[in-house]
There are 2 protein chains.
Amino acid sequence: MCYRGGVLELAILGLLKEQDLHGYELKKRLSEMLGFASGVSFGSLYPALARLEAAGAVTAAAPAGASRSVPMTGSLAGELAAFRALRAPVRGRRGKKVYRITPTGESLFGELLGAESSVSEEDRVFALRLAFARYLPPESRLGMLELRRAHLSQRLARARARLSAARDRDSYTQSLVQHDTEAAEHDLSWIDRLIASERATSATATPALTAGASRPEIDSPTISGLHPATPQEEFA
Amino acid sequence: MCYRGGVLELAILGLLKEQDLHGYELKKRLSEMLGFASGVSFGSLYPALARLEAAGAVTAAAPAGASRSVPMTGSLAGELAAFRALRAPVRGRRGKKVYRITPTGESLFGELLGAESSVSEEDRVFALRLAFARYLPPESRLGMLELRRAHLSQRLARARARLSAARDRDSYTQSLVQHDTEAAEHDLSWIDRLIASERATSATATPALTAGASRPEIDSPTISGLHPATPQEEFA
DNA sequence: GTCATCATGTAAGCCGTTACATGATTGC
DNA sequence: GCAATCATGTAACGGCTTACATGATGAC
């Protein structure tokens, strides 16, 4: 217990919830799908997988296609192959090592998804949590969004304070702070839209629940105003 | 030589170029002025200052007000104070330790400002470089901005690829990637504005230089379109 | 005189990167 | 057979955070 996993562990478990994967593929998804700071190195990924395996959160299995049910041909080559397969039963003679999440891993995932995060990794953790938000119950989702809103609100306040303080600085610094402020405003308005659509969904979903709607636990909001009709006209 | 300083060292030297500061004050400026990932801890700041001092990039001096010219009163208390002051000449009996940048530090600053940065810290380094852009010659400024533009362009391309790939994912992930894309577009358009104003300035400044304008080395662009007339109307 | 704040520093430990080392698979 | 890629791991190293320890200063 008390496994102090970080951001990486959360990402791994979340991806493994969807399907079994081996390390190499996991790295690709981490970079491409989640973005995830543009790249996790093997030197941190494999140790993380080893830790998770040691903690019982994942198990390593041979890939699905390679069932290795020894055919008993009697041939020397066959015997040798069988020997090597038995010597390293979990992974085919240092071949792919496919990981699967365990019930322990599922509960660890739940803990990590709800745990506090340090200030420095706040952004990455939030992105990850949002990517896995569909696994959260609606009220936790809303709580997460509102906590994020509070953080961003503070960040915006700080940015505006810096903006005032930068009045007598050079124009590069002023522009920098101005841009930070705008970015913070953009983030905040995005979160507000997320919260609004979340509220709208739960408002319609809760009465529907008593009326016998389908799968209220897993549903995600329809998100009406999430992709605005005019998404990027100023960047044409 | 070959002092492999990181982001922190660059920030420290840049702040010390403006005025002498002690560590505690330095930390405040780092957080408040530069933003700088919302806080550097003492545990990294003081060792960094010690390294810089060891490398001869900064020197520690007693604060300006406390000149400690022993008045020779003959009193026991006076003698004792003088003794303690002499025993630790650099800092008044573990009082403030004010740092000043040396010529070595100036050249180190120049190197760090022009050095390559690893991908993971690209954003922070760029923010820092822009904040100190006034110390760069105009052509280096432009080069820095165009390098940044290239990075952001790549980032935008990746974000758009993720956006396409996220078509069949849940709405939370879609919204996340959508927002990342918009943020990248916003960043890119900002850089484009910076580049444009930089070009405009150098176009007018270069003829002015031959005509004998004042201080061509330190001048910064007037930046006409940098702070748009309608900065945040949609967030009122 | 004591408490909050200012101010400097040390030590342990985490986390992650880079570089290195190895082996399997596939296409030519 | 050989190269490129896929795939997994280890070891060295460094930076940063947290927690701890110390001391000065000023307000009340």
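Proteins get letters first, then strands, A, B, ... in listed order; numbering begins at 1 in each.
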(message) In this structure, how many angstroms lie between the P atom of dC6(D) and the CG atom of L21(A), rounded?
(response) 16 Å
(request) Among the candidates dG9(D), dT18(C), dT10(D), find the nucleotide nearest to the side-chain atoms of P47(A). (result) dT10(D)
(message) Please report whether the ring centroid of F132(A) lies less than 6.0 Å from that of Y172(B).
(response) no
(request) Measure from CG on L26(A) to P on dA7(D) and round the result to the nearest Å. (result) 12 Å
(request) Answer with base, sugar-phosphate or nothing: what part of the nucleic acid does G43(B) contact at a heavy-atom distance below 4.0 Å? (result) base
(request) Check the distance between dG16(C)'s P and L45(A)'s CG and give it to me in whole angstrom. (result) 11 Å
(message) Checking H179(B) now: which residues fulfil side chain to side chain donor-acceptor pair (under 3.5 Å) with it, not counting sequence neighbours?
(response) D187(A)
(message) From C-beta outward on S41(A), which listed nucleotide comes closest to its side chain: dC16(D), dT17(C), dG9(C)?
(response) dT17(C)
(message) Looking only at the side chain of S44(A) (C-beta and beyond, no hydrogens), which of the listed nucleotides dT17(C), dT8(D), dA7(C) gets closest?
(response) dT17(C)
(request) Could you please name the option among dG9(C), dG9(D), dT8(D) that lies closest to any side-chain atom of K97(B)? (result) dG9(C)
(request) May I have the distance from R51(A) (atom CZ) to dC15(C) (atom C1'), rounded to whole angstrom? (result) 8 Å
(request) Grab the CD-P distance between E9(B) and dC16(D) for me, whole Å please. (result) 7 Å
(request) Report the distance from atom CD1 of I12(A) to atom C1' of dT8(D), rounded to the nearest whole Å. (result) 14 Å
(request) Identify, between K28(B) and L49(B), the residue whose nearest nucleotide on DNA chain C lies closer to the 5' end. (result) K28(B)
(message) Which residues pass the side chain to side chain donor-acceptor pair (under 3.5 Å) test with K17(A), not counting sequence neighbours?
(response) E106(A)
(message) Just the rounded figure in Å: distance from P of dA11(D) to CZ of F42(A).
(response) 19 Å
(message) As a test of reading the structure: which of dG16(C), dT8(C), dT10(C) is closest to the side chain of R124(A), going by heavy atoms?
(response) dG16(C)
(request) Using a strict 4.0 Å threshold on nitrogen-to-oxygen distance, state whether D123(A) and R148(A) make a salt bridge. (result) yes
(message) From C-beta outward on Y46(A), which listed nucleotide comes closest to its side chain: dT17(D), dA7(C), dT8(D)?
(response) dT8(D)
(message) I'd like to know if the side chain of R129(A) and the backbone of L113(A) have a donor-acceptor N/O pair within less than 3.5 Å.
(response) yes
(message) What is the separation between atom CG on L52(A) and atom P on dG9(D), rounded to the nearest whole Å?
(response) 13 Å
